[in-house]
Every structure is written in C-alpha cells, then in structure tokens.
Amino acid sequence: MKKIVLNLFAVAIVGVTLVGCKSDVKEAKTGAVETVIENNEAAKYKADPANSMIIWKANKIVGGHEGTINVSNGVVKFEGDKLVGGSFMFDINTIKCTDIPADDEANGKLIGHLKGADFFDAEQFATAAFEITKVDGKNVSGNLTMKGIKKNITFPATVVVTGDDVTLSSDTFSIDRTEWNIMYNSGKAFDAAALGDKVIKDNVEIKIMVKAKKA
C-alpha cells in the first residue's frame, strides 16, 4: 500500500512540474510529407555553413540543455524578393552544447550521448534535412527528415534580402521529438513516475538561422 501511495505521489509531482514549466513557445504544425516543387528559374543563394544552424533547447523536469547544429550545405531560392524554396542539410556531428563549458568533461559526455543511439544515432543517421515545400506569407512549410523519418512542419519565419545577402530567421518553435523516434526518457515511452526528475520533455525548442549569399 505504501508503495502505491508513493508512486501516485510521484506521478502527481511530475504532472504539477510539467504544467508549471510549460513553455509559451508554439509547437510547429506537423503533417504528412508534401511534394517539393522545383523552380529552376529562381535565383539561388548559397548558405554559409559557419553562420547557418539550428539553435536547440531541450528541457528536463529540472534544468535542461541548449546548443547548436550547423548546416553542412544548403540553398534558398527567390523570385524577386519572395522566398519560393530551398533545402538544407544539417550535420549531426557538429552538435554542440552551449550551456556547459566546452572543456568541461560533462560537455563531452553529453555530446557523446546526443550522438548515440538514445538520441540522434549519428553513426547511422549523420545528417538531418529540411526542404521547403510552401511559403504562405510569413509561414514556411517544409519536410523535416531526422533518423530516416520525414514529416512536414510549418513555422513562422522572417526573411531579409540585402543586395546579394539573405538572412532567414525562424521564430522559436517546438517539435515533438518522439515523432522522429527520439524516445529517450520520454514520459510517453517510459514510466514517468519511475523516471522522476529524469524525464526529458518531448517538445524541443528550435530556431533556424540561415545566412546565404547569391550564387
């Protein structure tokens, strides 16, 4: 009886903590894969890998981590000053944690874990990809592929064209990592009460930053 009461208490604590730490960041609309429409007449701008990245933040019940993943190559396409397409490859092996000093042993352990099978499985899936399928006003839709799973997501973004330079900056949005089979310490896949404060929230915050120059 005592064990049952303690388990119910743990579930209640986890539930209260999840509600109390709820983020105001909006979850990206997710749907079925959409067709990428090629536009060979569009002007192309080549992404600068050193300044183009995903900025990520993953929260636990207590604390969390944040960092970056760099673009390995990519291109954005324009008709005049209107964004009409683009595609990007992200190198999972460039993943960094920015909230722990780079020379701290804990940083190396975390990065090794993120690259491992519990998370991105970089040995088998070394890249992630995003292909723009539609631009509707400020909303950008595209197919996001991670761990061999492709889904279409929609999020708001701001695009600025200055001469031969382009900056694409998304609003911060979130995706449910479990939809791409990143299940480690998820309350959906494991007993949340048993995990306690080791539960990692399913929604990961993301901001996409791309700087590109006319090809």
Side-chain angles (χ1 to χ4, degrees), residues 23-31 33-58 65-99 101-102 111 114-115 120 122 125-146 150-175 177 180 203-215:
S23 171
D24 291 331
V25 173
K26 292 183 179 180
E27 185 173 354
K29 180 183 175 183
T30 305
V33 172
E34 296 182 4
T35 302
V36 176
I37 300 173
E38 294 294 338
N39 187 336
N40 296 322
E41 301 301 318
K44 296 180 180 179
Y45 292 73
K46 187 176 180 181
D48 174 9
N51 293 294
S52 301
M53 65 196 72
I54 289 175
I55 301 168
W56 59 267
K57 182 177 182 181
H65 295 291
E66 55 192 67
T68 59
I69 302 174
N70 279 73
V71 167
S72 56
N73 60 73
V75 62
V76 284
K77 298 180 179 180
F78 283 81
E79 288 182 351
D81 60 356
K82 179 179 172 57
L83 176 68
V84 294
S87 60
F88 311 96
M89 297 291 290
F90 297 93
D91 183 355
I92 299 302
N93 284 296
T94 67
I95 191 168
K96 293 182 177 64
C97 170
T98 54
D99 61 277
I111 294 304
L114 291 175
K115 290 180 181 179
F120 289 104
F125 304 103
T127 60
F130 182 72
E131 303 171 283
I132 295 174
T133 56
K134 183 180 179 182
V135 181
D136 183 8
K138 191 179 177 182
N139 292 320
V140 176
S141 299
N143 297 325
L144 175 63
T145 305
M146 291 192 297
K150 184 185 291 188
K151 293 179 181 288
N152 195 270
I153 62 172
T154 300
F155 54 84
T158 300
V159 179
V160 177
V161 181
T162 308
D164 289 341
D165 298 313
V166 164
T167 301
L168 184 153
S169 176
S170 78
D171 290 3
T172 300
F173 62 94
S174 69
I175 58 171
R177 63 188 174 96
W180 285 268
N203 279 14
V204 177
E205 295 179 16
I206 287 177
K207 183 179 180 68
I208 298 175
M209 293 285 295
V210 175
K211 291 186 179 296
K213 186 174 285 291
K214 195 167 187 178

Show, in sequence, the C-alpha distance, side-chain angles and deciding distance for Ile92 and Phe125, and conclude whether the side-chain contact (heavy atoms from CB on, under 4.5 Å) test is met.
CA-CA 8 Å; Ile92 299 302; Phe125 304 103; over 6 Å; no
Before you tell me yes or no, could you show the steps for Phe173 and Lys26 under side-chain contact (heavy atoms from CB on, under 4.5 Å), namely the whole-Å CA-CA distance, both residues' side-chain angles and the distance that decides it to 0.1 Å?
CA-CA 5 Å; Phe173 62 94; Lys26 292 183 179 180; 5.7 Å; no
side-chain hydrogen bond (donor to acceptor under 3.5 Å, both in side chains) between Asn152 and Thr133, worked out
CA-CA 8 Å; Asn152 195 270; Thr133 56; 3.1 Å; yes
side-chain contact (heavy atoms from CB on, under 4.5 Å) between Ile175 and Ile206, worked out
CA-CA 8 Å; Ile175 58 171; Ile206 287 177; 3.6 Å; yes
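Taking the centre of each ring, Phe130 and Phe90 stay at or above the 6.0 Å mark.
Distance check: Asp136 CG to Ser141 OG gives 7.5 Å after rounding to the nearest 0.5 Å. Atom CD in Glu131 sits 6.0 Å away from atom OG1 in Thr145 (nearest 0.5 Å). Taken from CE in Met209 to CD1 in Ile54, the straight-line distance is 12.5 Å, to the nearest 0.5 Å. Rounding to the nearest 0.5 Å places OG of Ser174 at 15.0 Å from CH2 of Trp56. Here the straight-line distance linking atom CD1 of Ile111 with atom CD1 of Ile95 works out to 5.5 Å at 0.5 Å rounding. In this structure, CZ in Phe155 is found 10.5 Å from NZ in Lys207, a value given to the nearest 0.5 Å.
When Asp165, Asp164, Asp48 are each tested for a side-chain hydrogen bond (donor to acceptor under 3.5 Å, both in side chains) with Lys213, only one passes: Asp165.
Scored by the side-chain contact (heavy atoms from CB on, under 4.5 Å) test, Thr94 finds Ile69, Asn70, Asp91 as partners (sequence neighbours excluded). Applying the side-chain contact (heavy atoms from CB on, under 4.5 Å) criterion to Lys57, with sequence neighbours excluded, gives Asn59, Glu66, Glu205. With sequence neighbours excluded, the residues that form a side-chain contact (heavy atoms from CB on, under 4.5 Å) with Asn139 are Thr154, Pro156.
The shortest distance between side-chain heavy atoms of Lys151 and Val33 does not fall below 4.5 Å. Within the 4.5 Å cutoff, the side chain of Val36 has no heavy atoms near those of the Ile132 side chain. Between Ile153 and Asn143 there is no side-chain heavy-atom pair separated by less than 4.5 Å. Here the side chains of Val76 and Leu83 are in contact, with some heavy-atom distance below 4.5 Å. Counting heavy atoms from C-beta outward, Val75 and Phe88 have side chains that stay 4.5 Å or more apart. Residues Phe120 and Met146 are in side-chain contact: their nearest non-hydrogen atoms beyond the backbone lie under 4.5 Å apart. In this structure, Ile208 and Ser169 have side chains that are not in contact, with every pair of non-hydrogen atoms separated by 4.5 Å or more. Side-chain contact between Glu41 and Lys77 is absent, with no heavy atoms from C-beta onward closer than 4.5 Å.
Remark: side-chain polar atoms of Thr68 are not paired, donor with acceptor, to backbone N or O of Ile55 under 3.5 angstrom. Ser52 places a side-chain N or O within 3.5 Å of a backbone atom of Lys211 that can act as its donor or acceptor partner. Under the 3.5 Å distance criterion, the side-chain polar atoms of Trp180 are matched with a main-chain donor or acceptor of Leu144.
Within 6.0 Å of NZ in Lys29 there are 12 or fewer heavy atoms belonging to other residues, nucleotides or ligands. A 6.0 Å sphere centred on NZ of Lys115 holds more than 12 heavy atoms belonging to other residues, nucleotides or ligands.
Thr98 approaches Gly67 most closely through the heavy-atom pair OG1-CA, 3.6 Å.
Using a 4.0 Å cut-off between charged nitrogen and carboxylate oxygen, Lys138 and Asp171 count as a salt-bridge pair.
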